[in-house]
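All ligand and atom numbering here is 1-based and tracks the order in the structure. Since we're looking at a predicted model, the values are computed, not measured.
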Amino acid sequence: METDLRLESSLWVGSKRYRAVLTGWHFNWTEVDKKNRDKKTISVPVAEVVGVEEGRVEILPQKSVEDKDKDFTVFYVKRSSSGGSSGLLWRLGRTQFSCPSRVLRDQWTKHLRTALKTHSPLRPHRLLVFINPFGGKKKGRKIYHSLVAPLFELAGISSHVIVTERANQARDHLLKKDLTGFDGVVCVGGDGMFSEMLHGLIGRTQQEAGLCENDPAVTLQPCPLHIGIIPAGSTDCVCYATVGVIDPVTSALHIVIGDSQPLDVCSVHHASTLVRYSVSLVGYGFYGDVLAESEKHRWMGPLRYDYSGTMVYLSNRSYAGIVQYLPADPLLSSPRDKTRCLSGCSVCSRSTERLFPHAADSGSLYSSNLSQFSSDSEGEWVSVEGRFRCVSLTCMSSSCPRSPLGLSPSAHLADGTGDLILVWDTHPLGFLKFLYRHTSTQDQFDLPFVEVHRVKAVRFSVPSGKEEEAYEEIVGQSGGIEEEERGYVETVSRSGSQQHLAERDTGRQMTNEQKTANPFLCGLCCSKSPSVSVWNCDGEILPFTEILCRIHGQLVRLYARGIEDGTAAQHCSEERDKCERRCILHK
Ligand SMILES: Nc1ncnc2c1ncn2[C@@H]1O[C@H](COP(=O)(O)OP(=O)(O)OP(=O)(O)O)[C@@H](O)[C@H]1O
Ligand SMILES: CCCCCCCCCCCCC/C=C/[C@@H](O)[C@H](CO)NC(C)=O
Ligand SMILES: [Ca+2]
C-alpha cells in the first residue's frame, strides 16, 4: 500500500495494535481496538523525527540495541510542560514498533529515512563544536559529552570538537582555518562564546566576499554556516530569546533537526571602523553602568548583576547625549503594536522577501545582491538631545529569564530593524517603575519619560562641552555634572543622510573618545558622578562613547525556530505523552 513516500500498515507497540501511516510530512500511529475502531492518534511531523534505528534501541544512559529483526525504534522531539515552559522544553521521545515481518520493518525504516532527507534539507551532517571549559559553572565539557553528543550520534552527525584554551580561539579559528565540509558551528558556553561565533563567521564571510566591514554603508553578505548554541554560560540571553528556554537538550534537538532562524545583527562603528557586532543589547547609561560595575564583582557569579543593578540604581545617574536615528518604515510594524515575534512570524517572513528579493529566483537566500540599506537610507534622520537614564538599541526582544518579555517585547528577530529605547532622566521612583516593568507584563513604554522607535540605524554622541568635561574629569580638573542640565532638552532636529553621518566621525572625535573611555570604570568608587557612561554591547564594554550602529537584516542563521506558540505545540505533545503512558502501562 505505498505510493512514493506514503506507507501504511499495522504495527504493534507493546501489546497494542496501531495503524501507522507515513504521509511524507507526518508519521501517525492510531490505536485500533479489538473491534477495529480507531482510538487516539499520535502524530509526529517528519521534520521532528530525530532518528530511526533497527531493533529495540535505547540511547540513555548509554546506547543499547536489542536486535529483534521485526522491530524498529523511532526517536523524535517530545514537548515537555515541566517548569511552566509551555512545551518549549524539548525531550527525546522514543517509540519501539514491532512489524509482522522483517520485510515490512525494512520498508518502514527505509521510508522514514528517505522522508527525513526529503523534508528536512537543513539537517547538519558535519559540525564544528567549540566548548568553553570555563563558561558558567564550568560544566561545558560534561554538558556536551553527556547530553549533546549522544543526540548528535543518534542523528548521524559527525562533529569535530575543540575545547578552547584561550579567549577568542574560536573566533580566530573561524576567521582563518579551513571550514570546508562543515554545515554549521556550535558553541557550548554563554553569550560571550556566541559572540565569538558571530564575529568569526561574519568576518570570514565578508573577507571571502571582499567586503569591508568597517564601512557602515556596505551591505554585508549573510553567513552560509548556521550557528548552534548549547547554553552553558552564566548569561545565555541569545539562547533564551531564540529558543525560549535555557536547556542544552532542547538546543541540541533544534540543531539535530536542522531548524533555521535568521537573526538581525547590529554593526557598531566608531570613526569609520567596525568596533563590534551585536544581536541583543547595545546599551548606554544604566545597562552600561551595570555591566561595568559587575565586572568588579565577577567572583559573585551571576548574582553580580543583581548586586550591581542595585548599586547603579542607587547611584541615580543620568547622562547627556545626542541620539540620531533613522526610522524604519512605520507601515511594516511598530514596537508598540503588542505583537510577539513567534515561530513563523509573518513580519519576519515579509522582511525576508524584502531583504532578499531575488532569493526565490536563484533558489538561495545567499546569492542575492542586497541593497537594503542604500535603498532605504533615503529616509530622514531624527535627532534628539538631552539627559538620559539609558539609551538602548536591541535587534530582538532581548528576553531573558529575568525579563521574560524582554527589553522590547514586540521586537522581531529577523525583520531588519532594531528598537531604540530612550529613557529620559526622571526621578528615582519613576526609573524604578520602568525597571520593574521589565519583570512583569506591564507596558514599560507607557511612561511619560520613555520613548521607543523602530529604527535601521542609530548614532550617539556627547554634546561638545561634555567631551571636554569628561576629559577634565580624568585629569582631575572637572566641575562634574551641572544640575540644571538634568531632564528634557526639547530638541528634535533633522540632519543629513547616513553617508553624511559616517563622514562626520572625525579623527578629532576619536581622540576625545579615547580620553572619555575610562572615567566610568572608576566611577562608582569616586564621590563624583562621571559625565559619560559606557556602552554595553551584548555583555562587552565598548572602548568608545561615540558610535554609529546599523542593523543588518538576517545576517546570520541559528539552529533554532524562535519562540513557539505554546498552546498549539503543547497539544500535539500531550496526546503523544498519553499514548506512551498507556503503552508503558500495558507492557
Ligand atoms: N578557554 C578559555 N579561557 C578563557 N576564556 C575563554 C576560553 N574560551 C572562551 N573564553 C571567553 O570566555 C568568555 C565568557 O565565556 P562564556 O560566554 O562562554 O561564559 P559566561 O560564563 O556566560 O561568561 P561571563 O563570565 O561573561 O558571564 C567569552 O567571551 C570567551 O571569549
Ligand atoms: C526593581 C527590579 C529591577 C529589575 C531590573 C531587571 C531588568 C532586566 C533587564 C535585562 C535586560 C537584559 C538584556 C540583555 C543583555 C545581554 O545582551 C547581555 C549579554 O549577555 N547581558 C548583560 C548582562 O549585559
Ligand atoms: Ca529585529
Ranked by distance from atom 13 (C) of ligand 2, the top protein heavy atom is L407 CD1, 3.9 Å

Only residue of F431, W424, Y319 satisfying ring pair (Phe, Tyr, Trp, His ring centres under 6.0 Å) with F388 is W424

among protein heavy atoms, the one nearest atom 18 (C) of ligand 2 is G539 N, 3.6 Å

Point to revise | Any donor-acceptor N or O pair under 3.5 Å, side chains N132, R141 | key: no

Would you tell me whether S408 and T394 have side-chain atoms, one donor and one acceptor, within less than 3.5 Å of each other? no

Counting heavy atoms under 4.0 Å, the part of R166 that contacts ligand 1 is backbone

One finds that the ligand 2 atoms under 4.0 Å from a non-hydrogen atom of T235 are 20 (O)

Ranking T394, N536, V290 by closest non-hydrogen atom to atom 22 (C) of ligand 2, top hit is N536

For atom 20 (O) of ligand 2, the closest protein heavy atom turns out to be D191 OD2, 2.5 Å

When the ring planes of H160 and F182 are compared, do they come out parallel, tilted or perpendicular, using 30° and 60° as the limits? tilted

Of all N, O or S atoms in D264, the one closest to the Ca ion (ligand 3) is OD2

Ligand 1 atoms nearer than 4.0 angstrom to some heavy atom of M193 are 9 (C), 16 (P), 17 (O), 18 (O)

In ligand 1, the atoms that come under 4.0 Å of a heavy atom of R304 are 24 (P), 25 (O), 27 (O)

A student comparing C237, G190, G539 should find that the heavy atom closest to atom 16 (P) of ligand 1 comes from G190

So that I can check it, does any N, O or S atom in T417 come closer than 3.0 Å to the Ca ion (ligand 3)? yes

The protein heavy atom nearest to atom 12 (C) of ligand 2 is C400 SG, 4.1 Å

Review point. So does D419 have any N/O/S atom less than 3.0 Å away from the Ca ion (ligand 3)?
Key: no

shortest atom 1 (C) of ligand 2-to-protein heavy-atom contact is with L432 CD1, 3.6 Å

So the atoms of ligand 1 within less than 4.0 Å of a heavy atom of G136 turn out to be 19 (O), 20 (P), 21 (O)

Any R298 heavy atom less than 4.0 Å from ligand 1:
yes

Among non-hydrogen protein atoms, atom 8 (C) of ligand 2 lies closest to R402 CG, 3.9 Å

Y305 heavy atoms within 4.0 Å reach ligand 2 at atoms 23 (C)

